[in-house]
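What follows is a set of notes on a single structure, which appears directly below.
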Amino acid sequence: MGIKKLSENLVSIILLIAGIALRISAQTIQIGNTMGKGSDFMPKLCTTLWIVIAAGLLLESVSMKDAGEKKLSVSLGGFALTILFLVLYVVLIPLLGFTLSSILYMFAQMMLFVPAVYRTKRNIILFAALSIVVPVAVYYLFVNVFYLLLPAGRLF
């Protein structure tokens with residue numbers, strides 16, 4: 001078996017196991033006295049979707065033809081920067097709040113993931129707009145629909 005197929009199978013298995021573990025953990029959430037859906041609904045829904053997607057990925061990778069590739073190309077620099085961005089995001093949330101931290105994180109992550117040839121002025125404007133609209137919409141949804149507070153920063 002080639003390294004690429006082996007790595008894809010391994011990642012799919014890890015995702016499936018993590019999804020099952022999270023689903024089992026979601027079973028322990030206390031429902032409380034609420035009208036309608038309880039606090040356990042979204043975690044159970046999301047983990048169920050996670051398991052279905054991971055199972056689909058596993059089935060796809062198992063049924064995929066093995067190309068016999070012996071070398072795997074991985075960008076460790078991109079991985080390291082993603083970890084750094086995540087750490088900075090977690091550190092900045094108490095300081096800047098959810099919305100501003102999310103805007104900065106999303107823009108930085110998009111700039112990292114998009115190949116240099118697609119970093120045109122038009123696309124950078126699109127990335128900036130998405131980085132603003134999505135966190136603001138998520139904040140609005142959580143505060144005004146789900147009635148949940150998201151972290152507010154000390155500076156803003």
Distance col, row Leu88:CG vs Ile93:CD1, nearest 0.5 angstrom, shows 11.5 Å
Sorted by chain and number, sequence neighbours left out, side-chain hydrogen bond (donor to acceptor under 3.5 Å, both in side chains) with Thr99 holds for none
### Message
Between Leu49 and Ile17, is there shared hydrophobic-cluster membership here, with clusters defined by ILVMFWY side-chain heavy atoms closer than 4.5 Å?
### Response
no
Trp50 side chain to Leu15 main-chain N or O, any donor-acceptor pair under 3.5 Å?
yes
One should read off an interatomic distance between Ile53 CD1 and Leu16 CG, to the nearest 0.5 angstrom, of 12.0 Å
In terms of heavy-atom contacts, Leu100 and Leu96 come closest through CB-O, 3.8 Å
Could you pull out all donor-acceptor pairs under 3.5 Å where a side-chain atom in residues 18-27 meets a protein atom, sequence neighbours excluded?
from  : atom 1 : to    : atom 2 : distance (Å)
Arg23 : NE     : Thr48 : OG1    : 3.2
Arg23 : NH1    : Gln27 : OE1    : 3.0

Are Tyr118 and Phe113 grouped together when hydrophobic residues (ILVMFWY) are joined by side-chain heavy atoms under 4.5 angstrom apart? no
> Given the rule that I, L, V, M, F, W and Y join up when any side-chain heavy atoms are under 4.5 Å apart, are Leu104 and Leu95 in one cluster?
Replying inline: yes
So CD1 of Ile14 and CG of Asn9: to nearest 0.5 Å the spacing works out to 11.0 Å
Practice problem: Answer yes if Val117 and Met111 sit in the same cluster of Ile, Leu, Val, Met, Phe, Trp and Tyr residues linked by side chain heavy atoms under 4.5 Å apart, and no otherwise. | Solution: yes
Go through it in stages, so that I can follow the logic: the residues are Leu58 and Ile13, the test is side-chain contact (heavy atoms from CB on, under 4.5 Å), and I'd like the CA-CA distance, side-chain angles, deciding distance and then a yes or no.
CA-CA 7 Å; Leu58 181 59; Ile13 290 169; 3.7 Å; yes
Point to revise | Within-4.5 Å side-chain heavy-atom neighbours: Leu92 and Tyr105 | key: no
Tightest non-hydrogen contact, residues Pro43 and Thr47, listed as O-OG1, 2.8 Å
So OH of Tyr89 and CE of Met106: to nearest 0.5 Å the spacing works out to 9.5 Å
When rounded to the nearest 0.5 Å, the distance separating CD1 of Ile51 from SG of Cys46 is 11.5 Å
Donor-acceptor pairs under 3.5 Å, side chain of residues 129-145 to any protein atom, not counting sequence neighbours: which ones?
from   : atom 1 : to     : atom 2 : distance (Å)
Ser131 : OG     : Phe107 : N      : 3.2
Ser131 : OG     : Phe127 : O      : 2.7

Handout entry: Sidechain-backbone polar pair: Arg119 side chain, Ile124 backbone, donor-acceptor under 3.5 Å
Key = no
| said: Is there a path of hydrophobic side-chain contacts, each under 4.5 Å between heavy atoms of I/L/V/M/F/W/Y residues, joining Leu81 to Met110? | reply: yes
